[in-house]
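A short write-up of the structure that comes next.
We're numbering straight along the sequence, starting at 1.
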Amino acid sequence: MVEKVVIMGAAGRDFHNFNVYFRNNPRYRVVAFTAAQIPDIEGRCYPSELAGPGYPDGIPIHLEEHLADLIREYRVDLVAFSYSDVPHLDVMRKASLVMAEGADLFSLGPATPCFERPNP
């Protein structure tokens with residue numbers, strides 16, 4: 001089963017996490033990014049040239065305030081929390097929202113193996 005993913009972030013760590021973990025990982029299909037910290041980013045796409053052949057139309061970027069709607073619309077299985085500078089209380093509020101909508105919250109950490117990195 002391929003899991004549908006929304007990546008939450010601020011156009012930095014989220015894009016990095018996509019590139020090193022999700023882009024060529026057959027377990028996941030990233031359906032959207034969300035953003036809350038960059039003005040006027042909504043409506044743009046992470047470009048297909050960077051997203052790779054699995055994403056010929058790129059990946060849409062939506063305002064984070066639409067996260068619950070995105071989870072329902074795309075039947076998202078997993079939300080990848082990819083901020084690096086959010087207070088604990090905000091993280092827990094976001095986690096509660098994600099889980100209330102039926103998705104899991106996930107955060108890549110230093111022990112998560114990168115999919116594109118060859119195994120020794």
Side-chain angles (χ1 to χ4, degrees):
M1 176 183 123
V2 175
E3 294 183 79
K4 290 181 244 163
V5 179
V6 168
I7 301 177
M8 296 173 64
R13 182 177 176 193
D14 52 346
F15 294 160
H16 173 75
N17 286 350
F18 172 77
N19 288 328
V20 300
Y21 187 75
F22 291 103
R23 179 175 50 208
N24 294 320
N25 193 327
R27 179 177 175 182
Y28 303 107
R29 174 75 181 154
V30 176
V31 297
F33 286 96
T34 66
Q37 297 177 337
I38 296 179
D40 303 319
I41 196 169
E42 72 277 359
R44 296 183 188 184
C45 277
Y46 188 75
S48 60
E49 297 83 7
L50 298 176
Y55 301 91
D57 298 322
I59 303 168
I61 302 169
H62 297 274
L63 288 176
E64 190 174 291
E65 65 192 50
H66 300 288
L67 179 61
D69 295 330
L70 293 168
I71 292 170
R72 288 191 299 270
E73 177 183 344
Y74 290 106
R75 296 182 179 179
V76 168
D77 302 295
L78 182 69
V79 174
F81 185 84
S82 296
Y83 283 103
S84 56
D85 59 348
V86 176
H88 178 267
L89 186 58
D90 290 345
V91 174
M92 292 299 100
R93 284 187 184 127
K94 293 172 194 307
S96 294
L97 173 99
V98 167
M99 290 185 283
E101 292 298 332
D104 291 330
L105 187 74
F106 173 74
S107 184
L108 291 168
T112 305
C114 293
F115 185 78
E116 294 182 336
R117 186 180 305 153
N119 293 327

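At a threshold of 4.5 Å between non-hydrogen side-chain atoms, the residues Glu42 and His66 do not count as touching. Using a 4.5 Å cut-off on side-chain heavy atoms (C-beta onward), Tyr46 and Tyr55 make no contact. Counting heavy atoms from C-beta outward, Val30 and Ile7 have side chains that approach closer than 4.5 Å. With contacts defined as side-chain heavy-atom distances shorter than 4.5 Å, the pair Val91/Phe81 qualifies. With a 4.5 Å cut-off on side-chain heavy atoms, Val98 and Asp104 do not count as touching. Looking at Phe18 and Ile59, their side chains come closer than 4.5 Å, going by heavy atoms from C-beta outward.
Two different hydrophobic clusters hold Leu63 and Ile71 under the rule that ILVMFWY side chains link at heavy-atom gaps under 4.5 Å. Hydrophobic clustering places Tyr74 together with Leu67 (ILVMFWY residues linked when any side-chain heavy atoms are closer than 4.5 Å, directly or through intermediates). In terms of hydrophobic clustering, with Ile, Leu, Val, Met, Phe, Trp and Tyr side chains grouped at heavy-atom distances under 4.5 Å, Val6 and Met99 are assigned to different clusters. Using a 4.5 Å cut-off between side-chain heavy atoms of Ile, Leu, Val, Met, Phe, Trp and Tyr, with links allowed through other members, Leu78 and Phe33 fall into the same hydrophobic cluster. Grouping the Ile, Leu, Val, Met, Phe, Trp and Tyr side chains by contacts below 4.5 angstrom, directly or via other members, places Leu70 apart from Ile41.
Minimum heavy-atom separation, Cys45 to Pro60: SG-CA, 3.8 Å. The two residues Val79 and Ala103 have their closest heavy-atom pair at CG2-CB, 4.3 Å. In this structure, Ser48 and Pro56 approach most closely via the heavy-atom pair CB-O, 3.3 Å. Contact between Val86 and Lys94 at its shortest, heavy atoms only, is CG1-CE, 4.3 Å.
Under the side-chain hydrogen bond (donor to acceptor under 3.5 Å, both in side chains) criterion, Asp69 pairs with Arg72, sequence neighbours left out.
To the nearest 0.5 angstrom, Ser82 atom OG is 6.5 Å from Phe22 atom CZ. Interatomic distance, CZ of Arg23 versus CG of Asn17, reported as 12.0 Å (0.5 Å rounding). Taking CD1 of Ile61 as the reference point, atom CG of Asp14 lies at 8.0 Å (rounded to 0.5 Å). From Leu105, atom CG reaches atom CE of Met8 across 7.0 Å, with rounding to the nearest 0.5 Å.
Taking the six-membered ring wherever Trp is involved, the centroid distance between the rings of Phe106 and Tyr28 does not fall below 6.0 Å.
Among pairs with a residue in residues 26-37, those fulfilling salt bridge (Lys or Arg N to Asp or Glu O under 4.0 Å) read Glu3-Arg27, at least two apart in sequence or across chains.
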